[in-house]
Amino acid sequence: MSSEVPQEIRICFIGESFVNGTGDPECLGWTGRICVEVNKKGFDITYYNLGVRRETSTELRKRWLNEVSYRLPQEYDGRVVFGFGTNDTTIEDGETRVMQADSISNTREILTEAKQLYPVLMVSPLPIDDKEQNRRTAKLSEEFALVCAELDIPYLDGFSTLEKSQVWMDEVRNNDGAHPRSAGYQELADIVQNWEAWKIWF
């Protein structure tokens with residue numbers, strides 16, 4: 001019988017409702033699902049879901065460091081996965097909740113600071129059942145990809161794949177217009193699990 005102690009890893013997933021797993025009756029979302037799979041491989045994962053519904057990059061910029069540093073003291077193998085942006089592109093009172101230039105600036109600030117402290121990955125904003133908003137989100141995702149390339153942080157463009165996914169889009173449409181249910185989140189979990197940057201962590 002092996003006496004190997006599993007490697008202990010603490011991961012904070014930080015973002016909005018897609019990180020939270022809103023809409024999933026199994027209450028796992030994509031973040032819970034990928035951690036289940038890593039645990040099955042013998043890793044001891046402590047998983048913190050720090051997704052806040054309706055949150056924009058401006059709000060996240062103000063809270064992320066306090067919340068993450070409290071859960072990931074330096075003596076532990078702590079890592080951070082970000083996923084946000086869709087709420088930034090929502091129209092309220094005739095304009096987007098966050099201007100694109102501010103979204104980019106917020107993201108650069110968040111990621112620059114995070115990278116100095118932890119291994120970091122970023123997952124793109126995700127599509128909903130609104131073609132106009134999806135156009136804005138796709139553009140923002142391209143800008144986020146450029147910021148991540150500039151900072152040498154792995155970036156997963158889940159937007160492009162899920163916008164073409166019948167499973168994701170049908171569940172979003174038949175649910176609340178924004179969030180999928182279990183099958184949609186499983187689809188995103190599969191994309192993340194096959195992402196080289198995620199696999200390298202384990």
Side-chain angles (χ1 to χ4, degrees), residues 11-20 29-31 34 50-52 54-65 67-69 72 78-92 95-165 168-169 172 178-179 184 187-201:
I11 306 178
C12 286
F13 293 86
I14 187 152
E16 24 67 326
S17 56
F18 291 122
V19 166
N20 171 260
W30 63 272
T31 58
I34 63 176
L50 304 177
V52 175
R54 291 198 83 252
E55 185 170 67
T56 66
S57 62
T58 301
E59 294 154 337
L60 191 145
R61 178 173 53 80
K62 293 171 187 165
R63 78 171 171 101
W64 84 267
L65 184 57
E67 295 203 15
V68 169
S69 57
L72 303 181
R79 305 166 188 202
V80 184
V81 181
F82 289 98
F84 59 86
T86 304
N87 290 325
D88 288 26
T89 65
T90 301
I91 297 286
E92 272 186 8
E95 57 186 24
T96 54
R97 290 184 63 203
V98 182
M99 302 300 288
Q100 183 175 285
D102 293 333
S103 296
I104 295 163
S105 168
N106 289 336
T107 302
R108 183 176 284 110
E109 183 181 319
I110 291 163
L111 296 179
T112 299
E113 194 163 18
K115 190 189 171 185
Q116 291 166 5
L117 300 169
Y118 309 104
V120 175
L121 300 176
M122 183 162 184
V123 174
S124 70
L126 301 171
I128 65 169
D129 184 30
D130 182 324
K131 284 182 180 167
E132 286 306 313
Q133 182 164 354
N134 284 347
R135 270 196 272 275
R136 295 190 296 273
T137 303
K139 182 63 185 151
L140 187 61
S141 178
E142 288 169 13
E143 295 293 340
F144 283 179
L146 294 174
V147 172
C148 286
E150 176 192 313
L151 297 173
D152 197 25
I153 288 171
Y155 182 76
L156 179 66
D157 174 16
F159 181 93
S160 300
T161 307
L162 293 174
E163 194 182 28
K164 298 184 192 87
S165 159
W168 177 276
M169 294 307 295
V172 165
H179 306 97
E187 188 130 318
L188 178 52
D190 291 343
I191 294 167
V192 178
Q193 279 162 193
N194 289 308
W195 182 22
E196 204 55 42
W198 174 256
K199 291 198 282 191
I200 285 168
W201 272 9

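Hydrogens, waters and symmetry mates are skipped; everything else that's a heavy atom, side chains included, is used.
Considering every non-hydrogen atom in both Val19 and Gly83, the closest pair reads CG2-O, 3.5 Å. Nearest approach of Gly15 to Arg63, heavy atoms of both residues: O-NH2, 3.2 Å. Taking every heavy atom of both residues into account, Pro119 and Gly78 meet most closely at CD-O, 3.2 Å.
Remark: Arg136 does not engage Glu132 in a salt bridge, criterion side-chain N to carboxylate O under 4.0 Å.
A distance-only check finds no donor-acceptor pair linking the side chain of Lys115 to the backbone of Ile153 [under 3.5 Å]. A donor-acceptor pair is defined here as one N or O able to donate and one able to accept, closer than 3.5 Å; no such pair exists between the side chain of Glu55 and the backbone of Asn87. For the pair Trp168 (side chain) and Pro127 (backbone), a donor-acceptor distance under 3.5 Å is present. Of the possible polar contacts, one joining the Asp88 side chain to the Ser57 backbone as a donor-acceptor pair under 3.5 Å is found. Between the side chain of Lys139 and the backbone N or O of Arg135, no donor-acceptor pair lies under 3.5 Å. Between the Thr107 side chain and the Ser103 main chain, a donor and an acceptor come within less than 3.5 Å of each other. Here the side chain of Thr137 pairs no donor or acceptor atom with the backbone of Thr86 at under 3.5 angstrom. No donor-acceptor pair under 3.5 Å is formed between the side chain of Ser165 and the backbone N or O of Thr161. Remark: the backbone N or O of Ile128 is paired with a side-chain donor or acceptor of Asn134 at under 3.5 angstrom. Judged by distance alone, with hydrogens and angles left aside, the side-chain atoms of Thr112 form no donor-acceptor pair with the main-chain N or O of Glu109 at under 3.5 Å.
Glu142 contributes atom CD, which lies 7.5 Å from atom OG of Ser160 (distance to the nearest 0.5 angstrom). Interatomic distance, CD of Glu16 versus NE2 of His179, reported as 7.5 Å (0.5 Å rounding). Leu72 contributes atom CG, which lies 10.5 Å from atom CG of Leu65 (distance to the nearest 0.5 angstrom). Within the model, atoms CG of Leu162 and CE of Met169 stand 9.0 Å from one another, a figure rounded to the nearest 0.5 Å. Interatomic distance, CE of Met99 versus OG1 of Thr89, reported as 12.5 Å (0.5 Å rounding). With values rounded to the nearest 0.5 angstrom, Arg97 atom CZ is found 5.5 Å from Thr56 atom OG1.
Within a 6.0 Å radius of NZ in Lys131, other residues, nucleotides and ligands contribute 12 heavy atoms or fewer. No more than 12 heavy atoms of other residues, nucleotides or ligands shown are found within 6.0 angstrom of CZ on Arg54.
The ring-ring contact (aromatic ring centres under 6.0 Å, His included) test with Phe13 singles out one residue from Phe84, Trp30, Phe82, Trp64, and that residue is Trp30.
If you check the side chains of Asn106 and Thr58, you find a donor sitting under 3.5 Å from an acceptor.
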*Take Leu117 and Ser69 through the test side chain to side chain contact (heavy atoms under 4.5 Å, CB included) and record every step on the way to the result.*
CA-CA 9 Å; Leu117 300 169; Ser69 57; over 6 Å; no

*Please lay out, stage by stage, how Val81 and Thr31 fare under the test side chain to side chain contact (heavy atoms under 4.5 Å, CB included).*
CA-CA 9 Å; Val81 181; Thr31 58; over 6 Å; no

*Walk me through it: do Val192 and Leu156 pass the test side chain to side chain contact (heavy atoms under 4.5 Å, CB included)?*
CA-CA 8 Å; Val192 178; Leu156 179 66; 3.7 Å; yes

*Does the side chain to side chain contact (heavy atoms under 4.5 Å, CB included) test come out yes or no for Leu140 and Gln100, once each step is laid out?*
CA-CA 7 Å; Leu140 187 61; Gln100 183 175 285; 4.0 Å; yes

*Given Tyr118 and Trp201, is the ring-ring contact (aromatic ring centres under 6.0 Å, His included) satisfied, shown in steps?*
CA-CA 12 Å; Tyr118 309 104; Trp201 272 9; over 10 Å; no

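Ile91 has its side chain out of reach of Gln133: every pair of non-hydrogen atoms, C-beta onward, lies at least 4.5 Å apart. Ser124 has its side chain within reach of Tyr155: a pair of non-hydrogen atoms, C-beta onward, lies under 4.5 Å apart. Proximity of Leu121 to Trp195: side-chain heavy atoms (C-beta onward) are separated by under 4.5 Å at one or more points. Contact annotation: the side chain of Trp198 never approaches that of Pro154 to less than 4.5 Å [non-hydrogen atoms, C-beta and beyond].
Within the structure, every pair that satisfies the salt bridge (Lys or Arg N to Asp or Glu O under 4.0 Å) test and touches residues 78-87, not counting sequence neighbours, is listed here: Asp77-Arg79.
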